[in-house]
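When a ligand or atom number is given, it counts from 1 through the structure's own listing order.
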Amino acid sequence: MIGGVAAGMSFAARARRLSEEVEITILERGSDISFANCGLPFHIGGEIKSRDVLAQHTPESFRNLFNLDVRTEHNAVQIDRKNKRVLVANRSSASQEWLSYDKLMLAPGARPTVPIIPGVHDPAVFTLRTLGDMDRIIAASGSGKRVIVVGGGYIGIELIEQLHKKGLEVTLVQLHTHLLPQFDSHVVLPLQAELDRHGIKAWYANYLTSIEREGDELHGHLSTGEVLTADFVIFSIGVRPESELARDAGLVLAHTGHVVVNEFMQTSDPDIYAAGDVVQTRKRHFGQPIAISLAGPASRQARVAADHIFLDHLARPYPGDIGTSIVRFFDMVAAVTGWTEGALIESRRSYETVTVHENHHSGFYPGAELLTLKLLWEPETGMILGAQVTGREGVDKRIDVLATAVIGKMTIDDLCHLELAYTPPFGIVRDVINIAGFAATSIRDGLVQVVYDVPEDPHTQFLDVRPRPLASKYPLEGAINIPLSSLRQNLDALDKNRSVTVVCQLGKTSYFAARVLTQNGFDAVSFAGGVRGFKGGAKGIVPRSAPIQESGKEFPGLLPDNL
Ligand code: FAD
């Protein structure tokens, strides 16, 4: 086995459970095995206090537990497929030896990407993958220091939060126009608002072109010309598969450099298996190639490989990935599963989408927090393709239910009647997932038409159905305010010969109002997502790209959950 962390150790442990006879040798280039890399950012910030909990295993403990020959500081440098052997360099003794195999497992993972720019090799420029990397960042991050974090993906934003909480002055440089490119842009607006709330400067659509040292300071030159000054820089701009060994051995690689495997994690050489960050698998729905850098898939793929070697016909194929993931950023949580709208557009697949809001537990029970759920489904079948959820509480539960729904090929009709546990402290009578099902089926059944843009056509009437105090405090330019409660009595105020776009705070009341209007002969559409998507209450802003103005929490009256 090459690589002794997530995929590697999962493989080894499963292999040993399946065979007491087999000889298992693990080659790990680093000095640690099976450490919790997902926990590294949290120890940097002190949220995980003890370093020891991240590295609970040693070669000895694995030897005792699983009878494994674990060789740390051993680098696999060549695979000789013809003679079924691997050349190993012992980094401690600087010696080399050939080790024979019957089956070879590749779990070398992926290394952090670093751009080729001047100054990138400065000792105060870091990446985060190993415990050693973590120690170096901790040593550099005294309170009051300035740091540039390059990359606003999962690891980048976890680092930003931890370093900010430690008292550092953090600046983000992000190539994309938004945080977390794994999400649709408008979904992560609440997380971007967290950056602003904590006074963290973010440079979007930007990258470092060079890093220059001047005494104790580093100057990071931005692509837009500005210069940022910091004590150190961390790159978290993604990872590249460590597939050089596989490539040199002639195994088939994807154009991304990932090792191509079949459904039993066999490479193009049936005696060589691979799993984890180094491989390319298939998407569960529609089978497109996908490379996922996540711990769960790595561990489960490795188990499939071990089963295929030792269980023969009992081995079950790896079903593919959907990319379920979750991240916390200060008080906000964002999670995604399956296809995003961006990915669907890119692969030219037809889809429908709706965004709904609901409290994570009953509004009348203390501590209710608003959840936002974006659902995507296939128009022809209603099959759920993906979902994204943000909020302060309860995001993890919803995304896991939705991941199960995606994997189970459930439909929007299934979501309507998903029976989820409810008592006020834990849920709500009609969960946000049910609401998403109701909204989606209402759209499918033609009961409501939703739009995502504010009407530009002057012929269209723009109707705001929020309660009067709210509408007066946060007026919408060009909108007529008739609260839903008085709409039926005031239909005469609207012109039946002109279409109506109805807006409310969260997109639910506008749907109710659109139903009233269409049944009274109006051509009415509901503005998806409500005022939450508007910028500063101004008309004409495309809500999908606009920051959030108000949290629905401030207007609890608009969030009836006791219907
Ligand atoms: P790795 O865990 O990278 O292990 C590969 C090992 O192989 C390395 O130790 C390397 O030294 C060794 N190796 C490589 N080449 C050789 C060679 N030639 N000879 C010998 N040894 C070699 N995932 C999540 O799902 N949730 C999270 O919250 C999360 N947070 C993360 C936070 C951080 C800071 C990092 C770095 C990753 C995080 N991940 C997270 C991703 C997750 O850790 C990886 O997807 C997972 O570890 C991949 O497992 P792997 O075994 O393929 O590779």
Side-chain angles (χ1 to χ4, degrees), residues 1-12 25-45 48 54-55 70-79 86-91 96 99 104-113 126-134 137 149 151 153-159 162 182 234-249 258-259 261 265 273-281 291-303 305 321 323-329 333 335-336 396:
M1 273 182 43
I2 298 173
V5 188
M9 295 319 288
S10 301
F11 174 85
T25 306
I26 300 166
L27 305 171
E28 170 51 55
R29 184 179 55 206
S31 48
D32 302 289
I33 49 151
S34 193
F35 62 94
N37 33 18
C38 307
L40 302 181
F42 302 98
H43 183 57
I44 289 174
I48 296 177
L54 300 174
V70 183
R71 305 187 190 185
T72 51
E73 303 284 343
H74 279 63
N75 192 22
V77 289
Q78 191 188 331
I79 301 169
V86 173
L87 182 62
V88 187
N90 182 336
R91 299 174 72 195
Q96 291 200 337
L99 289 182
L104 180 64
M105 173 68 178
L106 301 179
R111 65 167 68 87
T113 308
F126 305 107
T127 55
L128 179 62
R129 182 185 185 186
T130 64
L131 288 163
D133 297 337
M134 177 188 76
I137 292 174
V149 174
Y154 291 117
I155 297 173
I157 70 170
E158 285 180 351
L159 277 169
Q162 296 299 323
Q182 300 85 343
I234 307 176
F235 279 98
S236 54
I237 57 174
V239 292
R240 274 192 309 123
E242 289 219 42
S243 55
E244 294 82 2
L245 264 184
R247 180 198 61 205
D248 294 347
H258 292 90
V259 178
V261 289
M265 309 313 294
Y273 291 73
D277 286 4
V278 80
V279 299
Q280 171 188 280
T281 58
I292 296 271
S293 302
L294 291 170
S299 168
R300 289 182 292 100
Q301 290 161 5
R303 184 184 166 95
D321 291 296
T324 307
S325 53
I326 186 163
V327 66
R328 187 199 68 196
F329 190 49
V333 181
V336 58
D396 52 343

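Listed by number with element, the atoms of ligand 1 under 4.0 angstrom from any heavy atom of Gly3 are 6 (C), 7 (O), 12 (C), 21 (N). Close approach of ligand 1 to Ala107 (heavy-atom distance below 4.0 Å) involves ligand atoms 5 (C), 6 (C), 7 (O). Residue Arg129 has at least one heavy-atom neighbour below 4.0 Å for each of these atoms of ligand 1: 3 (O), 5 (C), 8 (C), 10 (C), 36 (C). Atoms of ligand 1 lying under 4.0 Å from any heavy atom of Leu128, numbered from 1 in the order shown and given with element: 34 (C), 36 (C). Applying the 4.0 Å criterion to heavy atoms of Gly109 picks out, from ligand 1, the atoms 3 (O), 5 (C), 52 (O), 53 (O). Close approach of ligand 1 to Ala6 (heavy-atom distance below 4.0 Å) involves ligand atoms 2 (O), 46 (C), 47 (O), 49 (O), 51 (O). Using a 4.0 Å cut-off to heavy atoms of Leu245, the atoms of ligand 1 that qualify are 18 (N). Near Asn75, with a cut-off below 4.0 Å to any heavy atom, the atoms of ligand 1 are 17 (C), 18 (N), 19 (N).
Looking at Ala76 next to ligand 1, an N or O pair under 3.5 Å apart turns up. The shortest N or O to N or O distance between Val278 and ligand 1 is not below 3.5 Å. Checked against a 3.5 angstrom limit, the closest N/O atoms of Arg29 and ligand 1 fall inside it. The shortest N or O to N or O distance between Leu294 and ligand 1 is under 3.5 Å.
Considering each of Gly276, Cys38, Ala7, Gly4, the one bringing a non-hydrogen atom nearest atom 40 (C) of ligand 1 is Cys38. Of the listed residues (Ile26, Asn37, Val86, Asp32), the one carrying the non-hydrogen atom nearest atom 34 (C) of ligand 1 is Asn37. For atom 41 (C) of ligand 1, the candidate residues are Pro112, Ala36, Gly30, Ser293; the nearest heavy-atom contact is made by Ser293. Comparing Ala246, Ala298, Ala295, Ala89 by heavy-atom distance to atom 42 (C) of ligand 1, the nearest is Ala295.
Side-chain N or O atoms of Ser243 include none that pairs as donor or acceptor with a backbone N or O of Val259 at under 3.5 Å.
In this structure, the protein non-hydrogen atom closest to atom 35 (C) of ligand 1 is Ile155 CD1, 3.5 Å. Protein heavy atom in closest approach to atom 45 (O) of ligand 1: Asp277 OD1, 2.7 Å. Nearest protein neighbour of atom 10 (C) of ligand 1, counting heavy atoms only, is Glu28 OE2, 3.5 Å.
The closest approach between a heavy atom of His74 and any atom of ligand 1 is below 4.0 Å.
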